[in-house]
Amino acid sequence: MRAAQDTSRLAPPPGERRAPSPAATAAAGAAAPRPPRGHRLRGRLTIAAFLLPALLLFGLLVLAPILVAIYTSVFKWNGLRGLPDDFVGTANFERMFADEVFLGDLWRGAVLIVLSLVVQLPFALGVAMLLNQRMRGRAVYRMIFFAPYILSEVITGVLFSMILSPDGGLANLVLGTVGLESGWLSDPSTVMPSLFLVMTWKYFGFHMILYLTGRQGIPHEVTEAAQIDGAGSWQVFRYVTLPLLGPTIRISVFLSVIGAIQLFDLVWVLTGGGPAHSSETMAVTMFQFGFKRYQVGYANAISVVMFAVSLVFALVYQRYVMRRDTEGAITAMRSQR
């Protein structure tokens with residue numbers, strides 16, 4: 001009788017299933033039959049068949065141009081007569097880093113990056129937080145602020161080249177009434193601020209949408225709990241919203257820096273790099289030497305440096321800044337399998 005009572009105590013209640021022990025689970029996994037070798041091979045061949053077109057396109061359109069640029073960067077070549085044969089070694093790179101215009105390109109690129117991180121992105125974040133509030137017509141405001149990003153860089157450049165024209169441009173017509181006329185894009189002292197103004201108008205809407213999407217992904221219960229605990233609006237933003245927006249902000253910073261390093265079309269349409277090289281970027285200088293002066297070897301050397309700067313920044317940024325985000329994404333993917 002006592003043994004029966006002890007057994008009944010160990011038995012689970014009616015209707016409740018006891019979870020299998022780890023040993024039983026391991027034994028069941030070991031006993032499960034493995035799929036046939038032919039089935040696994042067919043699965044791998046199917047994966048390879050689907051990946052092959054993408055890999056071919058990536059190789060032809062990305063890897064091959066990079067390798068060609070690296071190869072021709074050590075030659076003196078105009079890109080017209082056959083394959084390059086005048087090997088100059090590192091002369092193109094030595095010439096590049098002794099060129100004041102290229103060194104100015106590096107400085108101007110750094111200025112655009114700093115201005116983007118200090119002015120453009122905080123402005124986009126502030127507008128996103130404002131448009132996340134309940135207000136009449138906020139959908140219209142979102143559409144208006146995002147609309148410049150839809151326009152192509154060429155259209156934006158042509159539009160602002162007319163607005164900022166020193167001779168009868170809309171900006172001088174309006175500001176001239178209060179004595180604030182400016183040379184805008186034709187004055188070396190104002191061309192970079194004017195260029196950054198156009199960049200902000202063009203791209204801040206994209207970052208605003210990123211921040212707005214990230215903010216809407218934060219559960220309302222989290223901010224509501226902070227408010228119940230006595231936190232004010234600024235404290236909720238500083239200690240709750242901003243940390244939870246961390247992954248979105250890090251992606252936005254990454255895209256902004258890479259975009260500033262590779263900036264070309266907007267500058268080319270607005271100023272062509274002028275006046276007197278005061279608005280040139282690395283991409284504009286590369287285009288000038290490659291397609292205007294037919295010094296393709298030197299232009300490819302510039303492209304190699306631009307690629308190296310972008311690659312090093314991307315690797316370092318993802319390794320030390322976005323590491324936690326990528327690890328979290330990988331963990332989430334594994335948990336869903």
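Since the structure is predicted, the reported quantities are computational estimates derived from the model, not experimental observations. Positions are given from 1 along the sequence.
- A donor-acceptor pair is defined here as one N or O able to donate and one able to accept, closer than 3.5 Å; such a pair exists between the side chain of Gln235 and the backbone of Gly232.
- With hydrogens and angles ignored, the 3.5 Å screen pairs no side-chain donor or acceptor of Asn78 with any backbone N or O of Val296.
- Side-chain contact between Thr213 and Leu210: absent, with no pair of heavy atoms (C-beta onward) separated by less than 4.5 Å.
- Dense packing is recorded around CD of Gln216, with more than 12 heavy atoms of other residues, nucleotides or ligands lying under 6.0 Å away.
- Distance alone, capped at 3.5 Å, places no donor-acceptor pair between the Asp105 side chain and the Thr285 backbone.
- Judged by distance alone, with hydrogens and angles left aside, the side-chain atoms of Thr72 form no donor-acceptor pair with the main-chain N or O of Gly297 at under 3.5 Å.
- Rounding to the nearest 0.5 angstrom, the gap separating the CE atom in Met208 from the CD atom in Gln120 is 12.5 Å.
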Subject >> Step-by-step side-chain contact (heavy atoms from CB on, under 4.5 Å) determination, Ser303 to Asn300 >> reply: CA-CA 5 Å; Ser303 71; Asn300 282 339; 4.0 Å; yes
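- Linking Ile, Leu, Val, Met, Phe, Trp and Tyr whenever their side-chain heavy atoms come within less than 4.5 Å leaves Leu197 and Val191 in two separate clusters.
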Subject >> side-chain contact (heavy atoms from CB on, under 4.5 Å) evaluation trace for Val284 with Phe264 >> reply: CA-CA 6 Å; Val284 173; Phe264 168 72; 3.8 Å; yes
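- Under the 4.5 Å side-chain criterion, counting only non-hydrogen atoms from C-beta, Phe102 is in contact with Val305.
- Without hydrogens or angle criteria, Ser252 side chain to Ile249 main chain gives no donor-acceptor distance under 3.5 Å.
- Counting only distance, with no hydrogens or angles, the side chain of Arg293 and the backbone of Gln288 share no donor-acceptor pair below 3.5 Å.
- Using a 4.5 Å heavy-atom threshold, the side chains of Met192 and Ser278 count as separate.
- Of the inter-residue distances, the one linking Ile150 atom CD1 with Ile155 atom CD1 reads 11.5 Å to the nearest 0.5 angstrom.
- Enclosure of atom CG in Leu52 by more than 12 non-hydrogen atoms of other residues, nucleotides or ligands within 6.0 angstrom is indicated.
- What you find for Ala49 and Pro53 is that their closest heavy atoms are O-CD, 3.2 Å.
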**OP:** In sequence, state the C-alpha distance, the side-chain angles, and the governing distance for Val198 and Leu159, and then conclude on side-chain contact (heavy atoms from CB on, under 4.5 Å).
**Re:** CA-CA 10 Å; Val198 179; Leu159 176 65; over 6 Å; no
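- Between Phe146 and Phe206, the distance separating the two ring centers is not shorter than 6.0 angstrom.
- At distances below 3.5 Å, at least one donor-acceptor pair connects side-chain atoms of Lys202 with backbone N or O atoms of Leu151.
- In this structure the side chain of Thr241 reaches within 4.5 angstrom of the side chain of Met129, judged on heavy atoms.
- Residues Phe237 and Met135 share a single hydrophobic cluster, defined by chaining ILVMFWY side chains whose heavy atoms lie under 4.5 Å apart.
- Using a 4.5 Å heavy-atom threshold, the side chains of Phe93 and Val304 count as touching.
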**OP:** Please lay out, stage by stage, how Met306 and Ile261 fare under the test side-chain contact (heavy atoms from CB on, under 4.5 Å).
**Re:** CA-CA 7 Å; Met306 187 168 61; Ile261 293 174; 4.2 Å; yes
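- Residues Leu266 and Thr156 meet the side-chain proximity criterion, which asks for heavy atoms closer than 4.5 Å.
- No continuous path of ILVMFWY side-chain contacts below 4.5 Å connects Phe307 to Val312, so the two sit in separate hydrophobic clusters.
- Every residue two or more places apart in sequence or in another chain was checked for a ring pair (Phe, Tyr, Trp, His ring centres under 6.0 Å) with Tyr320, and none qualifies.
- The two residues Asn132 and Arg142 make their nearest non-hydrogen contact at CA-NH2, 4.2 Å.
- For the residue pair Gly183 and Pro166, the shortest heavy atom distance occurs at O-CB, 4.2 Å.
- Smallest separation of non-hydrogen atoms from Leu125 and Leu245: CD1-CD1, 4.0 Å.
- Between the CD atom in Gln318 and the CZ atom in Arg250 there is a gap of 12.5 Å [rounded to 0.5 Å].
- Taking the six-membered ring where the residue is Trp, the centroids of Tyr298 and Trp77 are separated by 6.0 Å or more.
- Between the side chains of Tyr203 and Glu153, a donor-acceptor pair is found at a separation under 3.5 Å.
- No close placement of the Phe145 and Tyr149 rings is indicated, their centers lying 6.0 Å or farther apart.
- A distance-only check finds no donor-acceptor pair linking the side chain of Arg215 to the backbone of Ala128 [under 3.5 Å].
- Between atom OH of residue Tyr317 and atom CZ of residue Arg323 there is a gap of 15.5 Å, rounded to the nearest 0.5 Å.
- The shortest non-hydrogen separation linking Ala226 to Val240 is CB-CG2, 3.9 Å.
- Residues meeting the side-chain hydrogen bond (donor to acceptor under 3.5 Å, both in side chains) test with Ser189, sequence neighbours left out: Asp187.
- The two residues Leu185 and Ser194 have their closest heavy-atom pair at CD2-CB, 3.7 Å.
- Rounded to the nearest 0.5 Å, atoms CE (Met96) and CG (Leu106) are 9.5 Å apart.
- The CZ atom of Arg108 sits 10.5 Å away from atom CG of Leu195, with the distance rounded to the nearest 0.5 Å.
- Within the 4.5 Å cutoff, side-chain heavy atoms of Leu121 are placed close to those of Ser256.
- The only option from Trp201, Phe196, Trp184 that meets the ring-ring contact (aromatic ring centres under 6.0 Å, His included) definition with Phe160 turns out to be Trp201.
- No donor-acceptor pair under 3.5 Å is formed between the side chain of Ser165 and the backbone N or O of Gly168.
- In this structure, Ser279 contributes its side chain and Gly274 its backbone to a donor-acceptor pair below 3.5 Å.
- For the pair Ile302/Asn92, no side-chain contact is recorded, criterion being any heavy-atom separation below 4.5 Å from C-beta on.
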